[in-house]
Amino acid sequence: DLHQEDSDDEQGAGSSFFVGVTAYYSVAKDFVRSQGGGSVYTVELTRNRVRYNQYNTKGEAEYLVPNWIKPSEIEKEDVV
């Protein structure tokens with residue numbers, strides 16, 4: 001799964017109790033680039049930590065992780 005870090009602070013506009021992730025690197029990379037660049041993280045998550053986002057209106061295979069992604073779950077960071 002891949003994650004894009006896009007929140008300036010935990011209380012900022014658009015903040016959520018969930019972190020959005022996708023299984024598709026190209027989707028994460030395109031999103032990061034559309035936001036001006038940043039990091040795409042490859043993460044390893046247990047199935048019980050991930051919920052499918054049934055409300056995604058963009059047709060993406062987006063999943064939600066409650067609260068945060070632990071440092072121990074991050075396998076790789078790519079700056080794009």
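Since the model is a prediction, treat every value here as computed from it, not as a measurement. Start at 1 with the first residue, then count along the sequence.
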Please report the shortest heavy-atom distance between T22 and A61, naming the atom on each side.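 Minimum heavy-atom separation between T22 and A61: OG1-O, 3.3 Å.
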Considering only distance and modelled atom types, tabulate donor-acceptor pairs under 3.5 Å from the side chains of residues 64-71, sequence neighbours left out.
none

Quick one: does R51's side chain get under 4.5 Å of F18's, heavy atoms only?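 The answer is yes, as the side chains (C-beta and beyond) meet within the 4.5 Å cut-off.
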Can you tell if the side chain of Y25 reaches within under 4.5 Å of the side chain of V80, non-hydrogen atoms only?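 Touching, per the 4.5 Å side-chain cut-off.
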Pairing residues for E73 by the side-chain hydrogen bond (donor to acceptor under 3.5 Å, both in side chains) criterion, not counting sequence neighbours: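 In terms of side-chain hydrogen bond (donor to acceptor under 3.5 Å, both in side chains), with neighbours along the sequence ignored, E73 is linked to R49.
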For T46, enumerate each residue passing the side-chain hydrogen bond (donor to acceptor under 3.5 Å, both in side chains) test, keeping only those at least two apart in sequence or located in another chain.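 Scan of T46 (side-chain hydrogen bond (donor to acceptor under 3.5 Å, both in side chains), adjacent residues dropped) gives N48.
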Looking at CD1 of I74 and OG1 of T42, how far apart are the two atoms once the value is rounded to the nearest 0.5 Å?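 With rounding to 0.5 Å, CD1 (I74) is 10.0 Å from OG1 (T42).
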To the nearest 0.5 Å, what is the distance between OH on Y24 and NZ on K29?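 Those atoms lie 16.0 Å apart.
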Hydrophobic cluster identity match, F17 and Y55, side-chain contacts under 4.5 Å: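 Each belongs to a different hydrophobic cluster.
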Are any side-chain N or O atoms of S39 and backbone N or O atoms of V79, one a donor and one an acceptor, separated by less than 3.5 Å?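 Looks like no, no N/O pair under 3.5 Å.
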